[in-house]
> 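Supplied in structure tokens, the structure appears directly below.
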Protein chains: 2
Amino acid sequence: MKPKSLNHPHADPFQHFMDVLRSPDLPESSISFLQSCGRPLHLARGEAAELREQEQRTAIFVSEGAAKLVGHVGADREQIVAFCFEGELLILSVTSHTPYTLQALTECRLLAFPAGDLITKVTEATSSAIVERTFLALDQARDASVLLGRKTAQEKLASFLVSMVDRIGVVGPKIIALDLPMSRREIGDCLGLTIETVSRQLTALRNHGIIKTYGRSKITILDMARLSERAVQASCTT
Amino acid sequence: MKPKSLNHPHADPFQHFMDVLRSPDLPESSISFLQSCGRPLHLARGEAAELREQEQRTAIFVSEGAAKLVGHVGADREQIVAFCFEGELLILSVTSHTPYTLQALTECRLLAFPAGDLITKVTEATSSAIVERTFLALDQARDASVLLGRKTAQEKLASFLVSMVDRIGVVGPKIIALDLPMSRREIGDCLGLTIETVSRQLTALRNHGIIKTYGRSKITILDMARLSERAVQASCTT
DNA sequence: GCAGTAGTTTGACCTGAATCAATGACGTGT
DNA sequence: ACACGTCATTGATTCAGGTCAAACTACTGC
């Protein structure tokens, strides 16, 4: 596993998409329509997706790898607004004032669907899956606001790790393993912190015996309870 | 205009909702269905909406007044995640980790629709209006992430004013008038700042001759161009 | 009109995270 | 196995914005 290229667990991204959507009662005509409008994208690590004009409102399915949605402020400041892992659907809708780009975190294979078409032309199960996903993204974005606006660096890191455990964690007996596909810079960009602060907070968590780190990307959670505690998701614990 | 109670420009909130949705081709049956599932809420200034269990996923139409969606961190920290003004539709979907409450900014009159029902049972124009609104909310939430994560206090205030001008500004020749329905505390909660910082930044904008303030809630924008400039929405201005 | 109060502004000071600056570790290519 | 470059960690210092404290102002009810 040295060159670490994609190993294609899903030979056909579209098939993977249909598997994940799980829409059993979708007529054949809709399936072929979907297939015709899904544009495959293959991005190298770090590469940005070229989004066409008509894809301003787009549903992007991640078949393999991981990607990030980045908002830009001025020339040098950037803020990661969403991470997107294998099997997830990222909703892009650019009414926004801020310019956004979609970039590959690792080499990845995507399918881009014009969301307008999907919603108006395929009003069956698929559209409802997209609506579901949109609601989920909205929730995540709002949770992100709370995190960015009101949490301390320590709480941000803990919340980040908890959410990564949820999404890509390998749960074992007693411990949970994480292999993060993003750099410290990317973690910082997503939490509104600098690399140094991310590093310092990881060290703090390590010193408290809550996590252990192996190399740059591997982390094991030793004490999930205390980690969650530090993420302060709950309020009014009365 | 002393007691400043609601003056009911829209006697029937449901009629107002239909007017705003503008779905001409909606069958009579759907209209009556919608009318049956819209629960009217009347909140006094500061009051929190009591959301029922089945309203975890809800579309809330604001017929009169203004409201805020607040996320809570621990017992005392709170973050405003969305403001919602007359004629707008707020989408709530609580998959979130963070607890949220909906509170009245001013006395207001709302209609709460269980969003699940709307989307599955009324797949016509109405549902697409809700989907539209969801996309918009998603955009706003992502812009908020960028603002919270990477903008300075000055930029946050400027961005806030620009967005308020968009939504409730009264555009005149040369100047734009704003009458903000929220307190300094609420502005701060929404921008991840304290009241003091909000106040100081308003003073700074006033000293630069960009805005003028009258009393607590009235602001006029004297120089919209310079205000937008300070909001730094654009990047890559090359 | 006046007093009371909540909301706002201003100032002095403090602190958490950013910035600046080295050093150190991983992983890649030769 | 080695050397290079990128990325990560650690330490010293700075600064934007928070906290604390005190005036001040605008709305409220009387």
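No hydrogens, no waters, no symmetry mates; every other heavy atom, side chains included, goes into these values. All chains are named by letter (A, B, ...) in the order of the sequence lines, taking the proteins before the strands, and each is independently numbered beginning at 1.
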> In whole Å, I'd like the distance from the CZ atom of A:Arg77 to the C1' atom of C:dT19.
15 Å
> Between B:Asp189 and B:Lys68, does at least one N-O distance fall below 4.0 Å, as a salt bridge requires?
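Salt bridge absent between B:Asp189 and B:Lys68.
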> Examine D:dT10: is either OP1 or OP2 under 4.0 Å from a nitrogen or oxygen in the side chain of A:Thr203? Give yes or no.
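Yes.
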> Looking at B:Thr197, I'd like to know whether one of its side-chain N or O atoms comes within less than 4.0 Å of OP1 or OP2 on D:dG18.
yes
> Check the distance between C:dT8's P and B:Glu186's CD and give it to me in whole angstrom.
9 Å
> When you get a sec, tell me which of C:dG11, C:dT8, D:dC7 is the closest nucleotide to the side chain of A:Arg216?
D:dC7
> From the set D:dG17, C:dA18, D:dT19, return the single nucleotide nearest to any side-chain atom of B:Ala153.
D:dG17
> Rounded to the Å, how far apart are A:Lys156 NZ and C:dA18 C1'?
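Interatomic distance, NZ of A:Lys156 to C1' of C:dA18: 12 Å.
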> Just call it for B:Ser199: base, sugar-phosphate, or nothing, with non-hydrogen atoms closer than 4.0 Å on any strand.
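Contact class for B:Ser199: base.
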> Could you pick out which residue, B:Glu196 or B:Tyr214, lies toward the 5' side of DNA chain D when each is mapped onto its nearest nucleotide?
B:Glu196
> Between the base of D:dG11 and the side chain of A:Arg200, is there a donor and acceptor pair under 3.5 angstrom?
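Indeed, a donor on one side and an acceptor on the other fall under 3.5 Å apart.
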> Could you state the atom-to-atom distance from CG of A:Asn207 to P of D:dT9 in whole Å?
12 Å
> Figure out the CG/P separation between A:Leu105 and D:dC7, and round it to whole Å.
13 Å
> Identify whether the distance between the nearest side-chain nitrogen and carboxylate oxygen of B:Arg77 and A:Glu155 falls below 4.0 Å.
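A:Glu155 and B:Arg77: salt-bridged.
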> Can you find a side chain N or O atom of A:Ser183 that sits less than 4.0 Å from OP1 or OP2 on D:dC7?
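For D:dC7, neither OP1 nor OP2 has a side-chain N or O of A:Ser183 closer than 4.0 Å.
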> Measuring to OP1 and OP2 of C:dA17, would you say a side-chain N or O of A:Thr194 lies under 4.0 angstrom away?
no
> Name the closest nucleotide to the B:Leu193 side chain, picking from D:dG17, D:dT10, C:dT8.
D:dG17
> Using distance alone, with no hydrogens and no angle criterion, decide if A:His16 and A:Glu86 have a side-chain donor and acceptor under 3.5 Å apart.
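Looking only at side-chain atoms, A:Glu86 and A:His16 do not form any donor-acceptor pair under 3.5 Å.
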> Name the residue from A:Thr203, A:Leu180, A:Ile219 that meets the side-chain contact (heavy atoms from CB on, under 4.5 Å) definition with A:Thr213.
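When A:Thr203, A:Leu180, A:Ile219 are each tested with A:Thr213, the side-chain contact (heavy atoms from CB on, under 4.5 Å) holds only for A:Ile219.
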> Determine the contact category for B:Gly192: base if any of its heavy atoms lies under 4.0 Å from a base atom, sugar-phosphate if only primed atoms, P, OP1 or OP2 are that close, otherwise nothing.
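If one applies the 4.0 Å heavy-atom cut-off, B:Gly192 turns out to touch the sugar-phosphate alone, with no base involved.
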> In whole Å, I'd like the distance from the CZ atom of B:Arg184 to the P atom of D:dG17.
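Taking atom P of D:dG17 as the reference, CZ of B:Arg184 is at 18 Å.
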> Regarding A:Thr101 and A:Gln103, do their side chains bring together a donor and an acceptor under 3.5 Å, going by distance alone?
yes
> Go through C:dT9, C:dT8, C:dA17 for me and flag the one nearest to the A:Thr152 side chain.
C:dA17
> Check the distance between C:dG7's P and B:Asp189's CG and give it to me in whole angstrom.
13 Å
> Under 4.0 Å between any heavy atoms, over every strand shown, what does B:Ile195 touch: base, sugar-phosphate, or nothing? Just pick one.
nothing
> With the side chain of A:Gln201 defined as its heavy atoms from C-beta on, choose the nearest nucleotide among D:dA8, C:dA17, C:dT9.
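My answer, after comparing the listed nucleotides, is C:dA17.
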> Quick test of your reading of the model: are B:Glu88 and B:Arg167 salt-bridged, counting only N-O distances below 4.0 Å?
yes
> Can you tell me how far C1' of C:dT9 sits from CG of B:Leu202, to the nearest Å?
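The answer, rounded to whole Å, is 10 Å.
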